Amino acid sequence: MSAALAILKDVFGYHAFRGRQAEIIEHVAEGGDCLVLMPTGGGKSLCYQIPALLRQRAGHGVGIVVSPLIALMQDQVAALTEAGVRAAVLNSTLTGAEASAVERDLLAGRLEILYVAPERLMTPRFQDLLDRTRVGLFAIDEAHCVSQWGHDFRPEYIQLSVLHERFPQVPRIALTATADDVTRQEIVERLALHDARVFLSSFDRPNIRYRIVEKDNARQQLLAFIKAEHMAADGTHDSGIVYCLSRRKVEETADWLRGHGINALPYHAGMDAAVRQQHQARFRDEEGLVMVATIAFGMGIDKPDVRFVAHLDLPKSMEGYYQETGRAGRDGLPANAWMAYGLGDVVQQKRMIDESEADETHKRVSSAKLDALLGLCETAGCRRVRILAYFGESSEPCGNCDTCLEPPATWDGTREAQMALSCVYRTAQASRVHFGATHLIDVLRGNATEKIRQWGHDKVSTFGIGADRSVSEWHAIFRQLIAHGLLVIDHGGHGALLLGESARAVLKGETSITLRRQVSKPARGERGERGGAGRGNRVDHTAQMDEQQLANWEALRRWRTETAREHGVPAYVIFHDATLAELARSAPDSMAELAEVPGIGAAKLERYGDELLEVLQKA
Ligand code: ADP
Ligand code: ZN
């Protein structure tokens, strides 16, 4: 293990392994197969990069990494090259000549790590290359891409089991951040990893603060959130991602945010490919950009300092939510996951499931996944406990989510639940069709709309019995009744509500219902969110710095920007913010002191040491 630690320090500049990294590295370096389940930001890359280096240096040959995303591969190779590793990539972005050069290096044994796209790996040409090369290990990143249930399914991944048949003696390490049991089984099955050791880490991301607010005016709420928590006094703001469901909404939201002083860019699959790529590169390379995107954006984004992920629409599933929010705070520093959601989102997602081409089983699974997410949105308990429980982990209330920080009050909503349920029953009985929440709330509040008169619902016994509650209160009640399974959204896409199985017991007064009290609305506009959960989660590297340290910080950042530009890599590939902040604070004045700063490995020390000392001296 001391050899692994030496590489950790020399190449990557880190002082200690995280979580189960050490165990995994030892297992693979000794030639064992394994499946690694670790959350985003947990540090999966080192789990194969270090064994690859160890095995290559011990004469076993090059480490081959299969990765589904071109952008991700390129970032990884850039970072490895910066750290002095002989790494290369083979994918469709290379010219014929470039690819030939990589192939020559491979055959000559000059490479330590080679990243390959799955479709290329399986070509006869590459298989032939493999036959003529010594291979030290195969790493299969994003291994959940073999799963047909997941949204990242890649048909080429299924063929990867061939690796095992053709190279039985070469250890394989498969990695994923998708934790659920079904996916895990599928990976084991399809990649023939039955004898592999499974390393399961906790999926908790303790540095992420989860918050889910009721949708009121979602854009305004988002703006208030960014201003309150991610904007400095001078108007600059953190990097973040805002997810929306539709392309149009992405465009509109990005425009609107730009009009309100936020440096925002759109990203979705319908955009011109060149523009899209340019936006992605800017997000990666620049500081303080907000990317407004559909879920087409994300896989392959390993920017470490994304400080927030916001959802303006409900994701499809807990898996989706967790994967998307997981893109915040990979560097381990505080980050926010913020979502605004309303009943309309649930109805919309439900409609998308119903209208999809999928078969009935798939639709049923999708509906169940949506329900689990709805449960998270409506819980009065700790969000994290709920999320982790979904992934099969039990935990204690976290103290770092909205419901922990500001426990919502609950109330006995039995009477209101009965009103709502019997309104569903009565209107359906009167008209032989079912209705959506908006109409039902009009009936309950005695709002004699044209539609109500047309259907004769001003004559049903529940007309006007809930007039003392506001529309938004009723919305909250309906959402929770759905989350509790007392109401079910009908197939057919109109958001019509049916009675759930357990509704009868409530109607008969056999069970009582506890509801979460609606949180009073935050003031609109500039004032931001209320205190409590809304405060004190901003990462400010300069918070405690004196004047000299601030001058160091500014000088170091200017140096980093220039250097990154010269090398054609993102700034964080040169050094993370945390490393720069530590440099600014401790202002080392010798190579020996520099080497002690986390994030400065041997290669970077040699390459940048003199420059850093000079920058610090002049600052
Ligand atoms: P994952 O692929 O699991 O999402 P990464 O491999 O990208 O995570 O690692 C996330 C971040 O954590 C990276 O910035 C990486 O440099 C950092 N990291 C990983 N392992 C360590 C460690 N042992 N010490 C310090 N930082 C680490
Ligand atoms: Zn909590």
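Just so you know, ligand 1 is whichever comes first in the structure, and atom 1 is the first atom listed for that ligand. Source: prediction; values computed, not measured.
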Can you check whether Val28 reaches Cys34 side chain to side chain, under 4.5 Å on heavy atoms?
yes
Residue pairs passing the salt bridge (Lys or Arg N to Asp or Glu O under 4.0 Å) test with at least one member in residues 40-58, sequence neighbours excluded, are Arg57-Glu112
Hits for ring-ring contact (aromatic ring centres under 6.0 Å, His included) against Tyr321, two or more places apart or cross-chain, chain-then-number order -> His311
For Arg560 and Phe575 the tightest heavy-atom approach is NH1-O, 2.9 Å
Between Phe225 and Phe308 (judged by ring centroids, cut-off 6.0 Å), do the two rings come close enough to count as a pair?
yes
Given the options Val146, Ile187, Leu121, Tyr157 meets side chain to side chain contact (heavy atoms under 4.5 Å, CB included) only with Val146
Distance filter under 4.0 Å, heavy atoms only, around ligand 1 gives Tyr14, Ala16, Phe17, Arg18, Gln21, Pro39, Thr40, Gly41, Gly42, Gly43, Lys44, Ser45, Leu46, Arg330, His576
Heavy-atom nearest pair, Arg120 first then Asn91, reads NH2-O, 3.5 Å
So the protein N/O/S atoms within less than 2.8 Å of the Zn ion (ligand 2) come down to Cys382 SG, Cys398 SG, Cys401 SG, Cys404 SG
- Message: With a 4.5 Å cut-off on side-chain heavy atoms, are Trp338 and Glu229 touching?
- Response: no
Verify the distance criterion only: is there a donor paired with an acceptor across the side chains of Glu214 and Gln221 at less than 3.5 Å? no
